[in-house]
Peer 1: 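Quick one: this structure, given as structure tokens, is what I'll be asking you about.
Residues: numbered from 1 along the sequence shown.
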Amino acid sequence: MATKKASPDDPLAPLTLAVGQEDLLLDRAVQQVVAAARASDADTDVRDLTSDQLQPGTLAELTSPSLFAERKVVIVRNAQDLSADTIKDVKAYLDAPAEEITLVLLHAGGAKGKGLLDAARKAGAREVACPKTTKPAERLTFVRSEFRALGRSATAEACQALVDSIGSDLRELASAVSQLAADVEGTIDDAVVGRYYTGRAEASSFNVADRAVEGRTADALEALRWSLSTGVAPVLITSALAQGVRAIGKLSSARGGRPADLARELGMPPWKIDRVRQQMRGWTPDGVATALRAVADADAGVKGGGDDPEYALEKAVVAIARAARSNR
């Protein structure tokens, strides 16, 4: 094939392949190409097509020579869903890409449409990875990179608090980072994040869990009732309770050592090791077992196993807080 291996840093390469299912990253890959093209030629023609809009023959029309020799960006979304005949057109184009035209293929990855994916890679496509973020650690890395990209400093606690507060939506996380960077001077810490995002579902859920594992029954119940009154789903609260109790159990059974060493062993950030160490005072192995049973009962209760999810949660919170004081 005629296309040479493109530099990963050249958004004006003849072919860009954005692979993955994270919509924000896919959109950013497109925006980077379009911005570079328009920086080179303000009159760049941008054609953004879905897979069903790219019919057999359409690509040939879009990439045919222009009398004005204008730069053009052709974006094809969900390329894995293209018809067999259209895929043949795309593969033929890859053999002889047109000058002043950048083709951007957005592909979900996976088995569907793999032939096109392989052909684009063989043609030397500039590839941009856009994987779905499924793990909390990946979202934490994303938040840190967003702050760095904006030239701002944020503490590890602030980044974690933002992930806990916002949840798994990368668009919301990116927007939150952008807002904090614009509004706050100096280093951004967890207190700032708390002021901006208190009341979000995940944040209030973990607030309930923190108060419960600390043995603060009244505070935990108050946080629980506030969370439920603001529409937080009971399943989010049981999940936070489970994570809080499991963290106590993990750390109490771990070998002693520095927070950094324990963080690697237990899969927690170092700052969380310090927090859980403070929370685990008063806990016993029997207390952890009792609390885990209480969480399991609450989980069953909020998922249809009981008549009153709120009562199931209150009962669990009281049981966990009592277990936290079993060695005091």
Peer 1: Any side-chain to backbone donor/acceptor pair from Arg47 onto Val76? Under 3.5 Å, distance only.
Peer 2: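 No: the side chain of Arg47 does not pair with the backbone of Val76.
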Peer 1: Side chains of Thr134 and Arg139: do they bring a donor and an acceptor to under 3.5 Å?
Peer 2: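 Not at all, the side chains of Thr134 and Arg139 share no donor-acceptor pair under 3.5 Å.
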Peer 1: State the CG-CG distance between Leu162 and Leu180, to the nearest 0.5 angstrom.
Peer 2: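 Result: 6.0 Å between the selected atoms.
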Peer 1: Verify, without hydrogens or angle tests, whether Thr58 (side chain) and Gln55 (backbone) share a donor-acceptor contact under 3.5 angstrom.
Peer 2: yes
Peer 1: I'd like to know whether Asp297 forms a salt bridge (charged side-chain N to carboxylate O under 4.0 Å, His left out) with Lys315, so could you lay out the CA-CA distance, the side-chain angles of the two residues, the decisive distance to 0.1 Å, and finally the verdict.
Peer 2: CA-CA 9 Å; Asp297 290 342; Lys315 186 177 177 182; 6.0 Å; no
Peer 1: Side-chain donor-acceptor contacts of residues 105-117 below 3.5 Å, not counting sequence neighbours, with atom names and distances?
Peer 2:
from	atom 1	to	atom 2	distance (Å)
His107	ND1	Gly109	N	2.8
His107	NE2	Lys112	O	3.4
His107	NE2	Gly113	O	3.0
Lys112	NZ	Asp81	OD1	2.7
Lys114	NZ	Asp118	OD1	3.3
Lys114	NZ	Asp118	OD2	3.0

Peer 1: Can any side-chain N or O of Tyr93 pair as donor or acceptor with the backbone N or O of Leu103 at less than 3.5 Å?
Peer 2: no
Peer 1: Taking NZ, NE, NH1 and NH2 as the nitrogens, is one of them in Asp95 or Lys91 under 4.0 Å from a carboxylate oxygen of the other?
Peer 2: no
Peer 1: Taking Thr217 for its side chain and Ala321 for its backbone only, find out whether a donor-acceptor pair lies under 3.5 Å.
Peer 2: no
Peer 1: List the steps and the verdict of side-chain contact (heavy atoms from CB on, under 4.5 Å) for Val34 and Val30.
Peer 2: CA-CA 6 Å; Val34 172; Val30 170; 4.2 Å; yes
Peer 1: Is there a path of hydrophobic side-chain contacts, each under 4.5 Å between heavy atoms, that joins Leu24 and Leu26?
Peer 2: no
Peer 1: Verify the cluster assignment for Ile75 and Ile101: are they in a single hydrophobic cluster under the rule of side-chain heavy atoms below 4.5 Å apart?
Peer 2: no
Peer 1: Main chain of Leu59, side chain of Thr63: is a donor-acceptor contact present, judged purely on distance under 3.5 Å?
Peer 2: yes
Peer 1: With heavy-atom distances below 4.5 Å as the criterion, would you say the side chains of Arg71 and Ser40 are in contact?
Peer 2: yes
Peer 1: Quick one: closest heavy-atom pair of Ala161 and Asp190, and the distance?
Peer 2: CB-CB, 4.2 Å
Peer 1: Spell out, as yes or no, whether a donor-acceptor pair under 3.5 Å connects the side chain of Ser227 to the backbone of Ala223.
Peer 2: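 Yes, Ser227 side chain to Ala223 backbone: donor-acceptor pair under 3.5 Å.
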Peer 1: Give a yes or no answer on whether the side chain of Thr102 reaches the backbone of Pro14 with a donor-acceptor pair at less than 3.5 Å.
Peer 2: no
Peer 1: Go through it in stages, so that I can follow the logic: the residues are Lys303 and Val235, the test is side-chain contact (heavy atoms from CB on, under 4.5 Å), and I'd like the CA-CA distance, side-chain angles, deciding distance and then a yes or no.
Peer 2: CA-CA 8 Å; Lys303 292 180 178 176; Val235 292; 4.2 Å; yes
Peer 1: Let me confirm one number: the CD-CD1 distance from Glu214 to Ile248, rounded to the nearest 0.5 Å.
Peer 2: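 One gets 8.5 Å once the value is rounded to the nearest 0.5 Å.
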Peer 1: For Arg216, does its backbone N or O pair with a side-chain atom of Arg211 as donor and acceptor, under 3.5 Å?
Peer 2: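 Pair absent, no side-chain N/O of Arg211 close to backbone of Arg216.
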Peer 1: Can you tell me how far apart CZ (Arg144) and SG (Cys159) are? Round to the nearest 0.5 Å.
Peer 2: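 The CZ atom of Arg144 sits 6.0 Å away from the SG atom of Cys159.
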Peer 1: Counting only heavy atoms not in Glu222 (residues, nucleotides, ligands), do more than 12 fall under 6.0 Å from its CD?
Peer 2: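 It does not: Glu222 CD has 12 such atoms or fewer within range.
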Peer 1: Quick one: side chain to side chain donor-acceptor pair (under 3.5 Å) partners of Arg28, sequence neighbours excluded?
Peer 2: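 Here the qualifying residues are Glu146.
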Peer 1: If you measure from CG on Asp43 to NZ on Lys72, what distance do you get to the nearest 0.5 Å?
Peer 2: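 It is 13.0 Å, given to the nearest 0.5 Å.
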Peer 1: With no hydrogens and no angle check, is any side-chain donor or acceptor of Asp89 less than 3.5 Å from a backbone partner on Gly57?
Peer 2: yes
Peer 1: Using the side-chain contact (heavy atoms from CB on, under 4.5 Å) rule, take Lys122 and Leu94 through it: C-alpha gap first, then chi angles, then the decisive distance, then the call.
Peer 2: CA-CA 9 Å; Lys122 187 176 180 181; Leu94 297 181; over 6 Å; no
Peer 1: Could you measure the distance from the CZ atom of Arg325 to the CH2 atom of Trp283? Nearest 0.5 Å is fine.
Peer 2: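 That separation rounds to 10.0 Å.
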Peer 1: Any carboxylate oxygen within less than 4.0 angstrom of a Lys/Arg side-chain nitrogen, looking at Glu314 and Arg225?
Peer 2: yes
Peer 1: Does this structure show an ion pair linking Lys135 with Glu138, if we count only N-O contacts that are shorter than 4.0 Å?
Peer 2: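 A salt bridge is absent here (no side-chain N lies under 4.0 Å from a carboxylate O).
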Peer 1: Can you tell me how far CG of Leu82 sits from CG of Leu54, rounded to the nearest 0.5 angstrom?
Peer 2: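 Leu54 atom CG to Leu82 atom CG measures 5.5 Å (nearest 0.5 Å).
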Peer 1: I would like to know whether Thr284 and Val288 meet side-chain contact (heavy atoms from CB on, under 4.5 Å); could you show each step before the answer?
Peer 2: CA-CA 6 Å; Thr284 65; Val288 172; over 6 Å; no
Peer 1: Would you call Arg126-Asp10 a salt bridge at under 4.0 Å N-O?
Peer 2: no
Peer 1: Do Ser175 and Ser178 meet the criterion of a side-chain donor-acceptor pair at a distance under 3.5 Å?
Peer 2: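 Their side chains do not contain a donor-acceptor pair, so the 3.5 Å distance test is not met.
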Peer 1: Identify whether the distance between the nearest side-chain nitrogen and carboxylate oxygen of Arg171 and Asp27 falls below 4.0 Å.
Peer 2: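 Salt bridge: yes.
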Peer 1: Whether the Thr50 and Asp52 side chains hold a donor-acceptor pair (N or O, under 3.5 Å, no angle test) is what I'd like checked.
Peer 2: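 Indeed, the side chains of Thr50 and Asp52 share at least one donor-acceptor pair under 3.5 Å.
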Peer 1: Find out whether Asp45 and Val73 are in side-chain contact, i.e. whether some heavy atom of one side chain is under 4.5 Å from a heavy atom of the other.
Peer 2: no
Peer 1: Near Arg322 CZ, under 6.0 Å, is it more than 12 heavy atoms from other residues, nucleotides or ligands?
Peer 2: no
Peer 1: Can you give me the closest heavy-atom contact between Ala220 and Ala212, atom names plus distance?
Peer 2: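 Answer, listing the atom of Ala220 first, then Ala212: CB-N, 3.7 Å.
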